[in-house]
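First the structure, in the form of structure tokens, and then the observations on it.
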Amino acid sequence: MTDTRGAGPDFIEALARGLDVLRSFRSGSPALTLSELAAGTGLARPTVRRILITLEQLGYVRADGRGYALTPRVLDLGMAYVHSLTMWEVARPHMERLVAQTNESTSMAQLDGSDIVYVARVAVPKIVTLGVSIGTRFPAPPTSMGKVLLAALPPAAVAGVLAEPSRSGITPRWQPSAAELETALREVRAKGWALADQDLAPGIRSVATGVRDGEGRVVAAVNVTVHAAETTVETLVEEHLPKLLRTAADISHDWSLTAKIPAVTV
């Protein structure tokens, strides 16, 4: 695994190993054998076996023939993060309205290392080259939302964030040099929005802007995604972008109000 291991007496190595096993399951590998999981995590087979038995008893994995597969209960782990922020509840009506106005899909993402991770999405049926759902991750630089989120970082921090290897499994079309990315992020900071024209994969074109909290900090990015064969850059920027900017402003407003609601402990 590529994650940097913690250190110190309070770091629980067994928990970290269990998470390594859960992260080994990918969309192209719905079921994995004990040997495959041991090879993928770098852990000994007896260790992986004990972890799988524990996860199976907790309901997070199930035996699948000669291997193991995740169960829907794993979704609880990821959705707990989204629901704890009430981000989906805040963003959903605005994103649904944007989809009704544009007839295009919209998504929201946050930065996780050098990747973006989708935390909300309202989709319309389209033929796209990459499947997207909540929890999907892509390398940040070639995506419009990734550019927005990277541009929101202090410039000196960008290199450190991108030093962490992507865990998306995607090889993007656009792999910029440090100078190229710096120029692109400088432009995003100046404009307040970002365009990705088939930088991630052929046929995918999107525009994104930031969602801000009450302090003005970018806490997420929201986009409109179109198919390049159907929608030109001009249409995306001239027609869809103004609607997206209004949507992001509305989400930011509601998000800041939500954050001001006092917590009540019963």
Side-chain angles (χ1 to χ4, degrees), residues 1-4 23 26 104-121 128-132 134-213 215-228 231-238 240-242 244-245 247-248 251-252:
M1 287 293 170
T2 58
D3 297 69
T4 302
R23 287 198 297 265
R26 305 287 183 180
E104 301 289 355
S105 298
T106 180
S107 303
M108 180 179 289
Q110 292 182 299
L111 199 62
D112 180 22
S114 62
D115 292 335
I116 61 167
V117 179
Y118 283 66
V119 297
R121 179 167 171 80
V128 295
T129 55
L130 291 173
V132 176
I134 292 177
T136 295
R137 60 174 59 235
F138 292 133
T143 67
S144 59
M145 290 193 290
K147 291 185 179 79
V148 167
L149 295 170
L150 291 173
L153 297 175
V158 173
V161 169
L162 295 180
E164 181 175 331
S166 171
R167 293 193 282 120
S168 66
I170 299 293
T171 301
R173 296 182 71 193
W174 186 57
Q175 302 184 47
S177 65
E180 289 172 331
L181 182 59
E182 182 180 356
T183 298
L185 297 184
R186 191 182 305 118
E187 182 180 353
V188 173
R189 295 186 187 103
K191 296 189 302 185
W193 54 272
L195 173 72
D197 186 8
Q198 305 183 80
D199 294 339
L200 181 65
I204 298 177
R205 183 174 283 159
S206 67
V207 65
T209 191
V211 173
R212 298 178 181 272
D213 62 12
E215 303 299 321
R217 296 170 297 199
V218 173
V219 293
V222 62
N223 78 350
V224 171
T225 302
V226 301
H227 196 288
T231 306
T232 65
V233 171
E234 290 73 22
T235 298
L236 181 60
V237 172
E238 295 175 8
H240 297 337
L241 176 59
L244 173 66
L245 293 174
T247 297
I251 296 173
S252 298

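Computed over heavy atoms, backbone and side chain alike; hydrogens, waters and symmetry mates excluded.
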Are [X] and [Y] close enough that some pair of their side-chain heavy atoms sits under 4.5 Å apart?
X      : Y      : answer
Leu111 : Leu153 : yes
Ser144 : Val207 : no
Asp199 : Thr143 : no
Glu187 : Thr183 : no
Met145 : Tyr118 : yes

[atom1]-[atom2] distance between [X] and [Y], expressed to the nearest 0.5 angstrom:
X      : Y      : atom1 : atom2 : answer
Leu149 : Leu185 : CG    : CG    : 10.5 Å
Leu200 : Thr171 : CG    : OG1   : 10.0 Å
Arg121 : Thr225 : CZ    : OG1   : 6.0 Å
Leu236 : Glu104 : CG    : CD    : 8.5 Å
His240 : Arg205 : NE2   : CZ    : 11.0 Å
Leu195 : Ser206 : CG    : OG    : 7.0 Å

Tell me the closest heavy-atom pair linking [X] and [Y], and the distance in Å.
X      : Y      : answer
Ala151 : Val188 : CB-CG1, 3.7 Å
Leu241 : Val237 : CB-O, 3.1 Å
Thr106 : Asn223 : OG1-O, 2.5 Å
Val222 : Ala248 : CG1-CB, 3.9 Å
Lys147 : Ala194 : CB-CB, 3.7 Å
Val218 : Ala152 : CB-CB, 3.6 Å

* Structure fact -> Sorted by chain and residue number, the side chain to side chain contact (heavy atoms under 4.5 Å, CB included) partners of Pro176 (sequence neighbours excluded) come out as Pro141, Trp174, Glu180, Leu181
For [Y], is there any backbone N or O sitting under 3.5 Å from a side-chain donor or acceptor partner on [X]?
X      : Y      : answer
Gln198 : Gly203 : yes
Gln110 : Val219 : yes
Ser252 : Arg212 : yes
Ser114 : Glu164 : yes

* **Partners passing salt bridge (Lys or Arg N to Asp or Glu O under 4.0 Å) against Arg137 (at least two apart in sequence or in another chain)** => Asp112, Asp115
